**Student:** 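Dropping a structure here in C-alpha cells format, bear with me for questions.
We count ligands from 1, going down the list as the structure has it; atoms in each ligand are counted the same way. Computed from a predicted model, the values in this text were never measured in an experiment.
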Amino acid sequence: MSVGIDDIQIATGHHVLDMSLLAEARGIEPAKLSIGLGQLAMSVLAPDEDIVTMAAAAAAPIVERIDASRIRSVLVATESGVDQSKAAGVFVHRLLDLPSTTRVVELKQACYGGIAGVQLAADQVARRPDDLALVIATDVARYDLASAGEPTQGAGAVAMLVSANPRLVELDAVSGLHTFDVDDFWRPNDRTTALVDGHLSTSAYLDSLEGAWRDLVARGGRSLADVAHLLYHQPFTKMARKAHARLSDLLDGEVGALDEAALDVGAQLGNAYSASLPGALAGLLESGDRSGAGVGMFSYGSGSVGEWMTGVVRSDAGVHDAGVRRAIDGRVPIDVATYERLHAEHSASSEDRTLPRVTTGPFRMAGVEGGARKYERV
Ligand code: HMG
C-alpha cells in the first residue's frame with residue numbers, strides 16, 4: 001500500500017502588488033527584485049482576509065469532491081497564527097462543515113510546518129488506511145516597510161488531502177532531516193512582522209539542505225540524482241536557484257533542471273512561508289502531465305528544521321487543476337499607497353470591530369465580537 005497526496009489546491013489573497021511599483025517607490029533597481037531576488041509580484045490580503053479564510057478557500061474544493069466523513073484529522077500549519085490557544089483549523093472545520101468526529105490541531109515550525117503536517121498525516125493513514133487527513137499550510141509573510149525583507153513578502157494557502165493509495169503523489173517512507181538552533185529568522189509574540197538576519201538565513205538554509213541530504217543518503221533514501229523534478233522552499237525564487245546549485249555541487253552536476261512553472265508560483269505569490277513548497281508542488285502538477293516522474297522536495301523552516309521528502313507522481317495522475325492560475329490571475333492589483341495602508345492596518349488586536357466587505361473569496365472574516373474572531377461564508 002502506498003500513502004501520499006491525493007489532492008492539492010491553492011488559494012491566495014485578494015490583492016496583488018507588482019514588484020516594479022515597489023522598486024520605484026523604494027528607489028531600488030527593478031532588476032534587483034525581478035532578477036536579483038527573482039520576484040515579480042506579491043499577494044496582499046484584504047482587511048477581511050487572514051490565514052483562516054485562505055485555508056478554508058484552499059480546502060473547500062477538495063472537501064466538495066470527497067466523502068468528508070472519512071476526514072479524521074485537520075492539521076493546519078502556520079506561523080501566522082491568529083490565536084495563542086485555539087487552533088486556526090477549528091475555524092476552518094466549521095467553515096467547511098466538517099464532521100465533529102475529527103481531530104484538529106495547529107502545527108508550527110516556521111516554513112517547515114506544512115511538510116511536517118504531510119509527514120504526520122502520512123504516518124496516520126499508513127496505520128489506518130481508511131482515514132483521510134486534511135493538511136493545510138497557510139501563511140502571510142510580513143516584514144517591516146522598506147526593510148530588506150519587504151520584497152519577499154507574500155501570502156497563500158495550500159490544502160493537501162493525504163490518503164492511502166493517493167491519486168497524485170506517492171511519498172517515500174524514508175526522508176532526510178536536519179535540525180539545528182539558529183537565530184536567522186523569528187517573530188516574537190509581541191510583533192506582527194518578522195525579525196531576520198537575511199544573509200545568515202540564506203546560508204542556514206543551504207547548510208540545512210546539505211545536512212538533510214546527507215541524512216537522506218545515510219538512510220538509503222531515493223537518490224536525488226534520479227529524480228526528474230526538484231522543488232524547494234522558495235522564500236524568493238533566487239533562493240530556490242541557489243539551493244539547486246548547492247544540490248548540483250553535492251551530486252557532481254547530476255541533477256535535473258529546475259521547474260519554471262513551480263518557480264513562477266513563488267515569483268507571483270511571494271513568500272507564503274509554510275505554503276511555499278506545497279505551492280511549488282501545485283504549480284508542477286498543474287503545468288503538465290508528470291505521471292510516473294520522481295519528485296524531490298526540500299522544506300526549510302528558519303530556526304531551524306529542514307527535510308528532504310521524496311516520492312513519485314502516480315503513473316495515471318495526468319494534469320491536475322490545482323487552482324494555481326485562477327489564484328494568480330484572480331487578484332486585484334493595488335498601488336503602493338494602498339499596500340502601505342493595508343500593511344499598517346494589519347493588527348493582531350482582539351478589540352471588537354466590524355470589518356469592511358472587500359474580498360470576493362468564498363470566506364471572510366466579519367470582525368471581532370467579545371474578543372473572538374468571527375468568520376463567515378460569503
Ligand atoms: P538584500 O541585502 O537587500 O539583497 O536582501 P542583496 O544585496 O543580497 O542582493 C540580492 C541579490 O540581488 C544579489 O544576488 C545581488 O547581486 C542581486 P546574489 O548574490 O544573491 O545572487 N542584485 C541585482 N541583480 C540584478 N540587477 C541588479 C541587482 N542588484 C542586486 N540591479 C535578502 C536580500 C534575501 C537577505 C532579503 O530580501 C531578506 O532578508 N529576505 C528575508 C529572509 C529570507 O527570505 N531568507 C531566505 C532563507 S531563510 C527561509 O527561507 C525561511 C523563511 O521563509 C522564513 C521561515 O522559515 O518561516 C524566510
**Student:** What I want to check is whether the side chains of Arg331 and Ser43 have a donor and an acceptor closer together than 3.5 Å.
**Tutor:** yes
**Student:** Report the hydrophobic cluster partners of Ile35, with the cluster defined as I, L, V, M, F, W, Y residues connected by side-chain heavy atoms closer than 4.5 angstrom, directly or transitively.
**Tutor:** none
**Student:** Roughly how far, to the nearest 0.5 Å, is the CG atom of Leu161 from the CD1 atom of Ile66?
**Tutor:** 4.5 Å
**Student:** Extract all N/O-N/O pairs under 3.5 Å that connect ligand 1 to the protein, and present each with both atom names and the distance rounded to 0.1 Å.
**Tutor:**
from, atom 1, to, atom 2, distance (Å)
ligand 1, 2 (O), His199, NE2, 3.0
ligand 1, 3 (O), Lys32, NZ, 2.7
ligand 1, 4 (O), Lys32, NZ, 3.3
ligand 1, 14 (O), Lys238, NZ, 3.4
ligand 1, 20 (O), Lys242, NZ, 2.4
ligand 1, 21 (O), Lys238, NZ, 2.9
ligand 1, 21 (O), Lys242, NZ, 3.3
ligand 1, 37 (O), Ala148, O, 2.9
ligand 1, 45 (N), Ser201, OG, 2.7
ligand 1, 50 (O), His233, NE2, 3.2
ligand 1, 53 (O), His233, NE2, 2.8
ligand 1, 53 (O), Asn271, ND2, 3.0
ligand 1, 56 (O), Cys111, N, 3.2
ligand 1, 56 (O), Ser302, N, 2.8
ligand 1, 57 (O), Glu79, OE1, 3.2
ligand 1, 57 (O), Glu79, OE2, 2.4
ligand 1, 57 (O), Cys111, N, 3.1

**Student:** Check whether the side chains of Tyr339 and Glu150 place a donor and an acceptor atom closer than 3.5 Å, and report yes or no.
**Tutor:** yes
**Student:** The criterion is salt bridge (charged side-chain N to carboxylate O under 4.0 Å, His left out); which residues satisfy it with Asp144, sequence neighbours excluded?
**Tutor:** Arg191
**Student:** Can you list, by chain and residue number, the hydrophobic cluster partners of Tyr273 when the side-chain cut-off is 4.5 Å?
**Tutor:** Tyr143, Phe185, Val196
